[in-house]
Amino acid sequence: MLQGYTVPLSPRGIANLAPKPPWHYAGTVVGAEFWTDPAAAAATLPEGLTPDPSSNGHGTVLFIDWQYSGTQDEYLDPVRSQYREFFVLLDAHWQGTPVSWCPYIYVDNDHALARGWIQGFPKKIGSVHQTRTFTVPNQAAPVLGPGGRFAATVSTAGYRLANMLVTLTEPVADPRALVGRPTVNLRHFPQLAAGQQDKPAVHELVMALFDDPRVAHAWTGTSELEFPDVPGEELHDLAPVRTGAGFRFELSYTVTDLRTLE
């Protein structure tokens with residue numbers, strides 16, 4: 001009998017891209033808040049979500065340098081457990097509850113891509129980089145403190161999708177606020193059979209559940225952000241009309257479940 005949680009199923013069940021949860025994550029986040037054309041933000045929302053009437057096109061971008069592990073000390077296999085990710089979260093409402101919606105997300109690891117699709121994150125392969133810092137005294141990295149500058153970029157198919165620069169000014173007084181709204185995703189898996197291609201096998205709104213989220217070493221500051229126009233992509237349609245706070249922090253949580261909304 002073939003075994004595994006995701007494809008490829010195999011005799012021993014260890015070749016699959018993603019094993020069953022729990023999935024544990026720890027990462028370094030560099031991000032910024034921004035405002036885009038409210039109509040452009042609303043156009044990305046699936047049925048079941050509505051624009052947040054108070055946000056006026058507000059969103060957040062996150063660049064994260066991740067390390068993942070499951071139940072088999074997967075972090076000891078860095079080539080599979082380490083990856084980088086970029087995504088956009090837009091303010092929305094679900095039945096009057098403030099939520100975040102993820103219209104676009106890019107990742108550089110196929111294992112993370114598989115876990116994301118299971119959760120409903122619409123992940124695509126990209127190349128993501130962000131400035132690192134180190135505790136040893138040096139002149140090759142920014143300070144994690146006032147004046148520290150952190151850049152981040154994402155590209156796909158050879159095109160630069162986003163550029164960001166964050167300049168830190170002060171520690172975050174309440175790091176819990178950085179965890180933010182619950183994230184709502186759309187799990188969508190189409191059918192290939194002729195005559196059924198407009199009737200997806202799965203099409204459901206779900207809310208991501210993050211167990212024991214923790215934030216540390218959180219700093220805030222100013223930000224600069226741009227989404228260049230790229231063939232075959234639509235991120236540029238959400239181009240910032242202005243930016244707000246930038247931030248950098250460390251994050252951890254575990255995924256074991258999700259909540260189906262409709």
Side-chain angles (χ1 to χ4, degrees), residues 26-37 40-41 44 55-67 82-91 100 102-108 123-175 177-181 215-231 233-251:
T28 301
V29 181
V30 180
E33 62 172 344
F34 71 100
W35 284 261
T36 188
D37 176 2
T44 72
S55 74
N56 199 31
H58 179 263
T60 305
V61 295
L62 299 172
F63 292 82
I64 309 181
D65 189 351
W66 283 118
Q67 184 160 289
Q82 294 178 2
Y83 65 99
R84 284 143 295 276
E85 191 165 64
F86 161 83
F87 56 101
V88 176
L89 295 175
L90 298 175
D91 291 0
S100 293
C102 179
Y104 305 117
I105 179 170
Y106 298 83
V107 68
D108 64 2
K123 295 189 179 186
K124 298 175 68 173
I125 291 293
S127 179
V128 185
H129 296 87
Q130 65 191 61
T131 303
R132 295 170 176 164
T133 192
F134 302 89
T135 56
V136 63
N138 72 92
Q139 297 183 21
V143 296
L144 185 58
R149 299 200 305 162
F150 293 80
T153 65
V154 57
S155 61
T156 189
Y159 293 99
R160 184 71 64 88
L161 285 169
N163 301 299
M164 186 184 69
L165 177 65
V166 170
T167 303
L168 304 182
T169 57
E170 59 187 357
V172 175
D174 183 8
L178 293 170
V179 175
R181 304 166 174 229
V215 173
H217 308 299
W219 284 77
T220 188
T222 61
S223 68
E224 301 172 24
L225 178 66
E226 63 174 348
F227 299 156
D229 194 3
V230 171
E233 302 290 338
E234 297 184 51
L235 180 61
H236 177 71
D237 294 349
L238 298 174
V241 295
R242 66 184 176 97
T243 60
F247 44 83
R248 183 190 185 276
F249 59 91
E250 295 178 7
L251 171 69

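We number each residue from 1, following the sequence as shown. Model, not experiment: these values are computed from the prediction.
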Separation between NZ of Lys123 and CD1 of Ile105, rounded to the nearest 0.5 Å
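Atom-to-atom, Lys123:NZ and Ile105:CD1 are 4.5 Å apart.
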Distance check, rounded to the nearest 0.5 Å: Leu251 atom CG versus Leu178 atom CG?
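Atom-to-atom, Leu251:CG and Leu178:CG are 9.5 Å apart.
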Any side-chain heavy-atom pair of [X] and [Y] under 4.5 Å:
| X | Y | answer |
| --- | --- | --- |
| Phe63 | Val29 | no |
| Thr44 | Leu90 | yes |
| Trp66 | Glu85 | yes |
| Val215 | Val179 | yes |

Under the side chain to side chain donor-acceptor pair (under 3.5 Å) test, which residues partner [X], sequence neighbours left out?
| X | value |
| --- | --- |
| Glu234 | none |
| Ser100 | none |
| Gln67 | Gln82 |
| Tyr106 | Glu233 |

Could you give the side-chain donor-acceptor pairs of residues 140-165 under 3.5 Å, partners two or more places apart or in another chain?
residue	atom	partner	partner atom	Å
Thr156	OG1	Ile125	O	3.0
Arg160	NH1	Asn163	OD1	2.6
Asn163	ND2	Glu226	OE2	2.8

Tell me, please, which residues at least two apart from Trp35 pass ring-ring contact (aromatic ring centres under 6.0 Å, His included).
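For Trp35 the ring-ring contact (aromatic ring centres under 6.0 Å, His included) partners, ignoring immediate neighbours, are His58.
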Using the side chain to side chain contact (heavy atoms under 4.5 Å, CB included) rule, take Val88 and Thr60 through it: C-alpha gap first, then chi angles, then the decisive distance, then the call.
CA-CA 6 Å; Val88 176; Thr60 305; over 6 Å; no
Just jot down the salt bridge (charged side-chain N to carboxylate O under 4.0 Å, His left out) partners of Glu33, sequence neighbours excluded, or say none.
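Expected list: none.
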With sequence neighbours excluded, residues passing side chain to side chain contact (heavy atoms under 4.5 Å, CB included) with Thr222:
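For Thr222, the residues satisfying side chain to side chain contact (heavy atoms under 4.5 Å, CB included) (neighbours in sequence not counted) are Thr167.
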Does anything in residues 128-137 form a side chain to side chain donor-acceptor pair (under 3.5 Å)? List the pairs, not counting sequence neighbours.
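As it turns out, there is no side chain to side chain donor-acceptor pair (under 3.5 Å) pair with a partner in residues 128-137 once direct neighbours are skipped.
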Ignoring hydrogens, what is the shortest heavy-atom contact between Thr169 and Gly221? Give both atom names and the distance.
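Of all heavy-atom pairs spanning Thr169 and Gly221, the closest is OG1-CA, 3.4 Å.
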Closest non-hydrogen atom pair between Ala41 and Thr36, with its separation:
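The answer is CB-CG2, 4.0 Å.
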With a cut-off of 3.5 Å and sequence neighbours excluded, list every side-chain donor-acceptor pair involving residues 236-249.
residue	atom	partner	partner atom	Å
His236	ND1	Phe227	O	2.7
Thr243	OG1	Ser223	O	3.0

Using side chain to side chain contact (heavy atoms under 4.5 Å, CB included), reason through Asp108 and Ser127 one step at a time and then give a plain yes or no.
CA-CA 6 Å; Asp108 64 2; Ser127 179; 5.9 Å; no
Is it the case that Trp219 and Glu170 place a side-chain donor and acceptor less than 3.5 Å from each other?
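Looking only at side-chain atoms, Glu170 and Trp219 do not form any donor-acceptor pair under 3.5 Å.
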